[in-house]
Amino acid sequence: TDILNSVAPPIAWVDDPVDLFFLHIQGSGKIALDDGAVINVHYLISNGCPYKSVGKYLIEKNKLSKEEVSMQTIRSYLRAHPHEMDEIFNYNPRYVFFEEVAAGPMGCFNIELAPGRSIALDKKQYPPATLAFIQAQKPVAADDGAISAWADFSRFVMNQDTGSAISGPARADIFWGSGQYAEFAAGLMKQPGRLYFLVLNPFFSD
């Protein structure tokens, strides 16, 4: 600990291991301090280990079904089974180190992301900074926090977000911002959709 403190002093101490775990998965977030201040933290570097999905682990262990797994159900399972936290947390060997930033979160161009308009794609599959048009469904929240319906939506988006868990040609993550609905939508969305890329027609390039 003394060696780590001399190289990377702690930004903050948090009191909720579940929230801290999801902060590592999401790569950025806000930390509310005891004095009422809020700081933004963002991914700086990792320990180099590959990311392993705890959702997949819970499915393989028959703790949750594939149909029900989400950020919300994983949170609920962890809080209901605190004695299993270390085992589940340790399944993912990737550890993230953060830095404090004035705003954020920041995307792959070190530019602040736009809620609902920034998406993350596999950079090996799709070129960054690409303008695209997305069609999918987003959840509608009921008064009790459950899903009351799925609403169609479509919009222009920019491929500017990043994340090591975003791999393959069929995966896209939308950055919803911060707040209650952002957490609700980000944790539940796994709907199929369509993604169209806008490219220059060489016929009109001159």
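G177 approaches P115 most closely through the heavy-atom pair CA-CB, 3.9 Å. Heavy-atom minimum distance, S118 versus A114: OG-N, 2.9 Å. Closest approach of I74 and G55 over heavy atoms only: CD1-CA, 3.8 Å. Shortest non-hydrogen contact noted between R171 and L121 is O-CD2, 3.5 Å.
Listed by first then second residue, pairs satisfying ring pair (Phe, Tyr, Trp, His ring centres under 6.0 Å) with a partner in residues 57-79 read Y57-Y91, Y77-H81, not counting sequence neighbours. Applying the side chain to side chain donor-acceptor pair (under 3.5 Å) test to every pair with at least one member in residues 25-36, sequence neighbours left out, gives these pairs: K30-N40.
At least one donor-acceptor pair under 3.5 Å links the side chain of K190 to the backbone N or O of V69. With T73 contributing its side chain and E68 its backbone, the two residues share a donor-acceptor pair below 3.5 Å. Panel note: side chain R155, backbone G116; a donor-acceptor pair is recorded below 3.5 Å. Between the side chain of R117 and the backbone N or O of F156 there is at least one donor-acceptor pair closer than 3.5 Å.
The hydrophobic cluster containing I119 also contains F153, counting ILVMFWY residues as joined when their side-chain heavy atoms lie under 4.5 angstrom apart, directly or transitively. Linking Ile, Leu, Val, Met, Phe, Trp and Tyr whenever their side-chain heavy atoms come within less than 4.5 Å puts V157 and W176 in one cluster. Cluster annotation: L64 is connected to M85 through the hydrophobic network of ILVMFWY side chains, with a link wherever side-chain heavy atoms come within less than 4.5 Å. A single hydrophobic cluster is seen to contain both F22 and I88, as judged by linkage of ILVMFWY side chains at heavy-atom distances under 4.5 Å, directly or through other members.
Once rounded to the nearest 0.5 Å, the distance linking CD1 of I25 with OG of S53 reads 7.5 Å. To the nearest 0.5 Å, atom CZ of residue R194 and atom OG of residue S154 are 11.5 Å apart. One distance of note links NE2 of H24 with OH of Y51; it measures 12.5 Å at 0.5 Å rounding. Rounding to the nearest 0.5 Å places CD of E87 at 6.5 Å from NZ of K61. With rounding to the nearest 0.5 angstrom, the OG1 atom of T130 is 8.0 Å from the CE atom of M158. Here the CD1 atom belonging to I174 is positioned 11.0 Å from the CD atom belonging to Q191, to the nearest 0.5 angstrom.
Taking the side chain as every heavy atom from C-beta outward, Q137 and M189 never approach each other to under 4.5 Å. Inter-residue side-chain proximity for I134 and Y196 is flagged as unmet; no heavy-atom pair is nearer than 4.5 Å. The closest side-chain heavy-atom distance from K123 to N159 is below 4.5 Å.
Judged as a side chain to side chain contact (heavy atoms under 4.5 Å, CB included), and not counting sequence neighbours, the contacts of N47 are C49, R94, Y95. Scanning for salt bridge (charged side-chain N to carboxylate O under 4.0 Å, His left out) contacts around K63 gives E84, with sequence neighbours left out. With sequence neighbours excluded, the residues that form a side chain to side chain contact (heavy atoms under 4.5 Å, CB included) with A142 are D144, S148. Scored by the side chain to side chain donor-acceptor pair (under 3.5 Å) test, D16 finds R79 as partners (sequence neighbours excluded). In terms of the side chain to side chain contact (heavy atoms under 4.5 Å, CB included) criterion, S76 has no residue partners (sequence neighbours excluded). Looking at residues two or more places apart in sequence or on another chain, you find no side chain to side chain donor-acceptor pair (under 3.5 Å) involving N92. Here Y126 pairs with F197 under the ring-ring contact (aromatic ring centres under 6.0 Å, His included) rule; sequence neighbours left out. In this structure, the side chain to side chain contact (heavy atoms under 4.5 Å, CB included) partners of I147, at least two apart in sequence or on a different chain, are P139, W150, F184, L188.
Connectivity analysis of hydrophobic side chains (ILVMFWY, heavy atoms under 4.5 Å, direct or indirect) links L113 to F175. V14 belongs to a hydrophobic cluster whose other members, connected by ILVMFWY side-chain contacts under 4.5 Å either directly or through intermediates, are I11, L20, L23, I31, L33, I39, V41, Y43, V96, F98.
Residues R75 and D19 are paired through a salt bridge, judged by an N-O separation under 4.0 Å between the basic side chain and the carboxylate.
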Test side-chain contact (heavy atoms from CB on, under 4.5 Å) applied to E183 and M71, step by step: CA-CA 9 Å; E183 182 176 352; M71 183 176 71; 3.3 Å; yes

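Under the 30°/60° scheme for interplanar angles, the aromatic rings of F89 and F21 are found to lie parallel.
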